[in-house]
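A note on names: the letters A, B, ... follow the listed sequences, proteins ahead of strands, and every chain is numbered from 1.
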Number of protein chains: 2
Amino acid sequence: MTGERRKFRREGADTRRQALVLATLDLIAEQGVRGATVRAIAERADVTQGLIRHYFSTKDELVQEAYLAHMAGLTEQTFAGVAERETARERLAALVVASVTPPVVDSASVGLWAGFLNHVRQDARMRAVHAQTYHDFRDRLEGLIVAALEEAGRGPDAGQARRLAIACNAVIDGLWLEGGALPEAFGPDELTGIALTAVGAILQLDLEEAAKT
Amino acid sequence: MTGERRKFRREGADTRRQALVLATLDLIAEQGVRGATVRAIAERADVTQGLIRHYFSTKDELVQEAYLAHMAGLTEQTFAGVAERETARERLAALVVASVTPPVVDSASVGLWAGFLNHVRQDARMRAVHAQTYHDFRDRLEGLIVAALEEAGRGPDAGQARRLAIACNAVIDGLWLEGGALPEAFGPDELTGIALTAVGAILQLDLEEAAKT
DNA sequence: GTCGTAATTATGCAAGCGTATAATTGTTCG
DNA sequence: CGAACAATTATACGCTTGCATAATTACGAC
């Protein structure tokens, strides 16, 4: 019984890095940050742990890249299908609906986000990623809000637009969070209706009709 | 130089348990869950680590109790001073303001909450505490909303009341979260104004005037 | 007082962690 | 075909972790 050395295939750097990032996200989502050990990540990505050090000089570096990937994916999922809509109001409604619907609303995704938050509070680079993601999303939301209001003949000034975007973003974030953290607390389409009504009330726009398109 | 054994005082069980819980919360808030090791907690509480096992049969038990204490404290802080107000609308406004103002809005507090969330997703007992805290807060909020609307001559039905409470709760949660996670992103009283306007818009009530009382 | 006991300290252990480094092996290029 | 090189595996080290257990000590009861 000679201990046989494991066979392996060579892969490009991008492929391997991506696989490791994906494995990291899976593990954090499933078992929290504690479960995402170097050994577990390597096993999930079907490599040995030494390889991680070959692509990331430290584990924090890997975690940081995973965070970036997760946040980018979240924003992308949320805005998918928004641009196709005809009117600005419909685009806004589509964004609101997507924000509180799977796959964006998801227990694992919220857990992932929460797991990262403490890293964010301690690492300056991760804090920068966090701030950038947040402002990026809010700016795009603000753009949609301004367009929808102008479409309705009401152009808000800059200060108003900012405040409206913050408020709408808060509703969306709050519902996203609660929907992910307590999935069984809400009915199937309940969050969608509440989100449209609430954002509509804040902006004084009828979004519920616009969402049906 | 004989290694001198450490002097100590005997304390009641309640005192020590509370001290350990407080030390745990401090550490999680400051350094995240990773920093809250048994040894660090003991040092912060000025005892040796063995004592923790004397009061809590496992570390998770201590963490669970700390979570309970934190959530209870948060709710208590939020509702402090609400009952004293004259009208229901003023009470509601006071609650909204308190929810997005320090000490409730606080980076460490949000970090603490996020740090617990992953424990919550994995431990059934912690999930129960989480759900209970959330529903408790939302029910009290719903009570205030119904009272304020009735005061204004508009009594919502049960379904409406529930949806309004969920929406207002989402605004509050979202602003609480963002205010705590990105303190520098908002002006001093900005969150207060936005919260009052947004909740007021959802309920179609003027809360900004009521908050001045 | 001194005695009993519960509170507290001291010490140790096995497991898991991130990281470092040396040994192999697949791949590419002449 | 063979040599060079990077990708990958294998192994090990030092540290920290949560938990266990034995040794001490403060404090109240009598």
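When the side-chain nitrogen and oxygen atoms of B/Thr58 are compared with OP1 and OP2 of D/dC19, one or more of them lie within a distance under 4.0 Å. Taking 4.0 angstrom as the limit, A/Arg6 places a side-chain polar atom (N or O) nearer than this to OP1 or OP2 of D/dT9. Remark: B/Thr37 is in phosphate contact with D/dT17, judged by side-chain N or O atoms under 4.0 Å from OP1 or OP2. Distances shorter than 4.0 Å separate some side-chain N or O of A/Tyr55 from OP1 or OP2 on D/dT8. A close approach under 4.0 Å does occur between a side-chain nitrogen or oxygen of A/His54 and OP1 or OP2 of D/dA7. Under 4.0 angstrom from either OP1 or OP2 of C/dC17 there lies no side-chain N or O belonging to A/Arg34.
Going from atom CD of B/Glu11 over to atom P of D/dC27 covers 9 Å, rounded to whole Å. One can place CD1 of A/Ile41 at 11 Å from C1' of C/dG18, the figure rounded to the nearest angstrom. Residue B/Ile52 contributes atom CD1, which lies 12 Å from atom P of D/dT17 at whole-angstrom precision. Here the C1' atom of nucleotide C/dA10 and the CD atom of B/Gln49 are 9 Å apart, to the nearest Å. Atom CD in A/Glu43 sits about 13 Å away from atom P in D/dT9, given to the nearest Å. The interatomic distance linking B/Asp46 (CG) with C/dT8 (P) rounds to 12 Å, in whole Å. Rounding to whole angstrom units, CG of residue A/Leu51 and C1' of C/dA20 are separated by 15 Å. Atom CZ of A/Arg17 and atom P of D/dA6 are 17 Å apart (whole Å).
Interatomic distance, A/Glu142 CD to A/Arg162 CZ, rounded to the nearest 0.5 Å: 8.5 Å.
Not a single donor-acceptor contact under 3.5 angstrom links the side-chain atoms of A/Arg10 to the base of C/dT27. If you check distances only, the side chain of B/Arg53 never reaches the base of D/dG18 with a donor-acceptor pair under 3.5 Å.
Proximity of A/Trp113 to A/Leu177: side-chain heavy atoms (C-beta onward) are separated by under 4.5 Å at one or more points. A/Leu92 places a side-chain heavy atom less than 4.5 Å from the side chain of A/Leu141.
Ring geometry for A/Tyr67 versus A/His130: interplanar angle under 30°, hence parallel rather than tilted (30 to 60°).
Of the candidates D/dT9, C/dT19, D/dG18, the closest approach to any side-chain atom of B/Val38 belongs to D/dG18. Nearest nucleotide to the A/Phe8 side chain, out of C/dG26, D/dG18, C/dT8: C/dG26. Checking C/dT8, D/dT9, C/dT11 against the side-chain heavy atoms of B/Arg5 singles out C/dT8 as nearest. For A/Lys7, the side-chain atoms get nearest to C/dG26 when compared with the rest of C/dG26, C/dT19, C/dT9.
Contact record, B/Phe116 with B/Ala66: CZ-C, 4.1 Å, taken as the closest heavy-atom pair. A/Arg17 approaches A/Phe56 most closely through the heavy-atom pair NH2-CE2, 3.6 Å.
In this structure, A/Arg39 reaches the bases: a heavy-atom distance under 4.0 Å links it to at least one base atom across the strands shown.
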